Engineer: 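After the structure tokens below, expect a handful of questions from me.
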Amino acid sequence: MHTDWTRRQVLAGLGALAAAPAWAQSADPTGGDPLGSMQWPVLQKKHIGAAPWQFSDGIAVKGPEFAEDAMNVPIFVDARALARSAGPIALIRLVADRNPIQHILDFEPLACWPVLAFRFRMEQGSPVRALVRTRDGRWYVGQTWVNAAGGGCTVPGLTRADGSWSRTLGQVQGRVFRNVIEGGTRLRLRVMHPMDTGLVAGIPAFHLEQLVLRDARDQTLWRLNLHEPVSENPLLTLELGDTVHGPWQLTGRDNNGNRIDAQVSA
């Protein structure tokens, strides 16, 4: 009798499961994230909202398997394959799920290739994602996982520690050269700035907010909106494409109103 009762309870439970809505059967607290991050649904809602989106293999996001220096974690993102299949790229947004400040930067490749390499701070191992919006308003998401010892967001940078940042603030170093493997012209920039996160006791947030590059015809090639996690003295590598008109003018500002204005020549 006990066995029959148990069997009836099991069958009733299976029947209830079969009758449940599909969303209840497939509920996934990670929102289907390939990296299994519990933070992803919140990030998706915050940065993408109700717009159409999907995970995509057309976005290459590359970083080290383990970041030995959590204050200078190299990341490379390339959305050219996505541009070929889905159309022109309007925005590339970089975020790190587990950083205390998740939003790293926004890159608008207005008249250049949708390719960017840079360094940023990590507080702990985390998914690092490129949220890419095409000009038709659709979003595509590429990601990688980077392990890190941690602490990169909560310790002062070298120039802050030795006080040298005030002597070099706003200086720009640039180099332009041909990309001999893929063609086009590559630009590498270093902009001197302490990029303080505001998470170190006694040191308020102090960081570059925007950088814009224009060519000799005053055409805007790209725009970068930077946030606190970008590494001290940002080192940026961008691909300007096959048709270039130098010299180039780099302008920008930080969150204290200090201006960047420098010419970069080939």
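All values derive from a computational prediction rather than experimental measurement.
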Engineer: Listing request: all side-chain hydrogen bond (donor to acceptor under 3.5 Å, both in side chains) pairs with a residue in residues 171-187, at least two apart in sequence or in separate chains.
Structural biologist: R80-E182, R178-T185, N179-E182, N179-E239, R186-E239
Engineer: Could you check whether the rings of W222 and F107 sit parallel, tilted or perpendicular, using 30° and 60° as the cut-offs?
Structural biologist: perpendicular
Engineer: So, using side-chain hydrogen bond (donor to acceptor under 3.5 Å, both in side chains) as the criterion, who are the partners of R160 when residues are at least two apart?
Structural biologist: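 Scan of R160 (side-chain hydrogen bond (donor to acceptor under 3.5 Å, both in side chains), adjacent residues dropped) gives D196.
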Engineer: Look up atom CD in E108 and atom CZ in R93, then write down how far apart they are to the nearest 0.5 Å.
Structural biologist: 9.5 Å
Engineer: Could you give the distance from CG (L235) to CG (N72), rounded to the nearest 0.5 Å?
Structural biologist: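 Answer for the CG-CG pair, L235 versus N72, is 9.0 Å.
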Engineer: Cluster question for you: counting only ILVMFWY and a side-chain heavy-atom cut-off of under 4.5 Å, with indirect links fine, are L224 and V172 together?
Structural biologist: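 Yes, it is one cluster - the side chains of L224 and V172 are joined through contacts under 4.5 Å.
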Engineer: For the side-chain hydrogen bond (donor to acceptor under 3.5 Å, both in side chains) test, which of R129, Q143, Q39 pairs with D33?
Structural biologist: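 Result for side-chain hydrogen bond (donor to acceptor under 3.5 Å, both in side chains) with D33: R129.
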Engineer: For atom CD of E68, decide whether the heavy atoms of other residues, nucleotides or ligands shown that lie under 6.0 angstrom number more than 12.
Structural biologist: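 No, because the 6.0 Å sphere around CD of E68 holds 12 heavy atoms or fewer from other groups.
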Engineer: Can you list the other members of the hydrophobic cluster that holds F55, where links are side-chain heavy atoms under 4.5 angstrom apart?
Structural biologist: W40, L43, I48, W53, L91, V95, L131, W139, V141
Engineer: Look up atom CG in L116 and atom OG1 in T237, then write down how far apart they are to the nearest 0.5 Å.
Structural biologist: 8.0 Å
Engineer: Please tell me if the side chains of L213 and L240 come closer than 4.5 Å, counting only heavy atoms from C-beta onward.
Structural biologist: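 They are in side-chain contact.
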Engineer: Has E123 got a side-chain atom pairing as donor or acceptor with C153's backbone, closer than 3.5 angstrom?
Structural biologist: yes
Engineer: Please determine whether the number of non-hydrogen atoms from other residues, nucleotides or ligands lying under 6.0 Å from atom CD1 of I203 exceeds 12.
Structural biologist: yes
Engineer: Quick check: do F120 and L105 have side-chain heavy atoms less than 4.5 Å from each other?
Structural biologist: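 F120 does not reach L105 side chain to side chain.
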Engineer: Check for a donor-acceptor pair, side chain of N255 on one end and backbone N or O of A205 on the other, with a separation under 3.5 Å.
Structural biologist: yes
Engineer: Inspect the surroundings of CG in D57 and state if more than 12 heavy atoms from other residues, nucleotides or ligands are less than 6.0 Å away.
Structural biologist: no
